[in-house]
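Treat the numbers as computed from the prediction; the structure is a model and nothing was measured.
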Amino acid sequence: MDIKLSNRSDVPIYEQLKNEIIRLIMTGALRPGDPLLSMRRLAKELSISIITTKRAYQDLEAAGYVYSIVGKGTYVSEQNNENKREQLLIEVEKKLEELLSTAKKIDLSIDELVEMMKVMEEDQ
């Protein structure tokens with residue numbers, strides 16, 4: 001799996017892992033029925049704690065992105081990707097509203113926000 005995590009981010013590692021797996025599902029890199037790596041193997045490959053991996057997998061299962069079969073593993077769920085994408089768009093919109101509200105408090109322009117986002121994207 002092509003998962004990128006950053007120790008420099010303010011976002012907790014388990015949240016980054018969860019978001020990366022969602023990204024892989026949404027882009028079709030992980031398809032319904034595909035197995036995820038075992039928690040232990042993924043933790044070893046990413047040099048993170050098994051507890052971190054477990055937390056991400058639990059959150060993904062609670063959100064319906066994956067399901068687990070005891071003794072067999074964790075698999076990508078069948079889902080309506082359009083509905084999941086819509087849910088994620090709503091999350092993005094809420095965060096953008098918060099961002100714009102905060103930016104207005106310090107008179108930060110849209111152009112400055114866009115420039116900040118471009119710089120941050122380059123750093124990832």
Side-chain angles (χ1 to χ4, degrees):
M1 284 193 284
D2 180 29
I3 294 176
K4 296 173 185 80
L5 304 176
S6 171
N7 289 326
R8 293 183 287 164
S9 173
D10 291 337
V11 179
I13 297 293
Y14 79 88
E15 190 77 24
Q16 291 180 52
L17 177 57
K18 179 180 83 169
N19 292 338
E20 282 290 292
I21 293 172
I22 290 171
R23 179 185 61 80
L24 292 171
I25 292 170
M26 289 295 122
T27 61
L30 286 174
R31 306 187 55 76
D34 283 352
L36 298 184
L37 295 177
S38 72
M39 286 183 251
R40 185 169 307 208
R41 183 167 172 205
L42 184 59
K44 185 175 182 180
E45 283 191 14
L46 297 175
S47 299
I48 60 175
S49 163
I50 293 173
I51 294 168
T52 301
T53 310
K54 182 178 180 181
R55 171 84 186 268
Y57 277 30
Q58 286 174 334
D59 287 359
L60 288 165
E61 189 163 5
Y65 288 101
V66 301
Y67 65 94
S68 296
I69 299 175
V70 177
K72 291 202 173 215
T74 303
Y75 301 87
V76 176
S77 296
E78 284 286 336
Q79 55 202 327
N80 182 333
N81 283 345
E82 203 53 44
N83 286 343
K84 292 290 183 184
R85 185 174 178 356
E86 187 65 30
Q87 290 173 354
L88 291 173
L89 283 173
I90 290 168
E91 274 185 52
V92 168
E93 288 172 1
K94 286 178 185 175
K95 290 178 180 179
L96 283 173
E97 286 174 358
E98 291 175 24
L99 175 68
L100 289 171
S101 175
T102 303
K104 283 181 182 180
K105 291 177 184 175
I106 60 170
D107 293 324
L108 195 63
S109 73
I110 296 292
D111 290 337
E112 290 171 308
L113 282 173
V114 169
E115 186 60 33
M116 288 173 70
M117 288 180 11
K118 287 179 181 178
V119 169
M120 293 175 76
E121 183 181 40
E122 289 172 5
D123 286 346
Q124 288 186 344

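- Across all their heavy atoms, Tyr67 and Glu61 have their closest contact at CA-OE2, 3.9 Å.
- Taking every heavy atom of both residues into account, Arg31 and Val76 meet most closely at O-CB, 3.3 Å.
- The residue from Ile22, Leu36, Asp34 that alone fulfils the side chain to side chain contact (heavy atoms under 4.5 Å, CB included) condition with Val66 is Leu36.
- Remark: the backbone N or O of Glu97 is not paired with any side-chain donor or acceptor of Ser101 at under 3.5 angstrom.
- Between the side chain of Gln16 and the main chain of Val11, a donor-acceptor pair closer than 3.5 Å is present.
- There is no path of hydrophobic side-chain contacts, each under 4.5 Å, that joins Leu24 to Tyr75.
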Is there a salt bridge (charged side-chain N to carboxylate O under 4.0 Å, His left out) between Arg41 and Glu45 once you walk through the steps? CA-CA 6 Å; Arg41 183 167 172 205; Glu45 283 191 14; 3.3 Å; yes

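- The closest donor-acceptor contact from the side chain of Glu20 to the backbone of Lys4 lies under 3.5 Å.
- Under a hydrophobic clustering in which Ile, Leu, Val, Met, Phe, Trp and Tyr are joined whenever their side-chain heavy atoms come within less than 4.5 Å, directly or via other members, Ile90 and Leu88 fall into different clusters.
- Of the inter-residue distances, the one linking Thr53 atom OG1 with Leu37 atom CG reads 10.0 Å to the nearest 0.5 angstrom.
- Glu15 places no side-chain N or O within 3.5 Å of a backbone atom of Pro12 that could act as its donor or acceptor partner.
- Met39 approaches Lys54 most closely through the heavy-atom pair SD-CA, 3.3 Å.
- Across every non-hydrogen atom of Arg23 and Asp2, the tightest pair is NH2-O, 2.9 Å.
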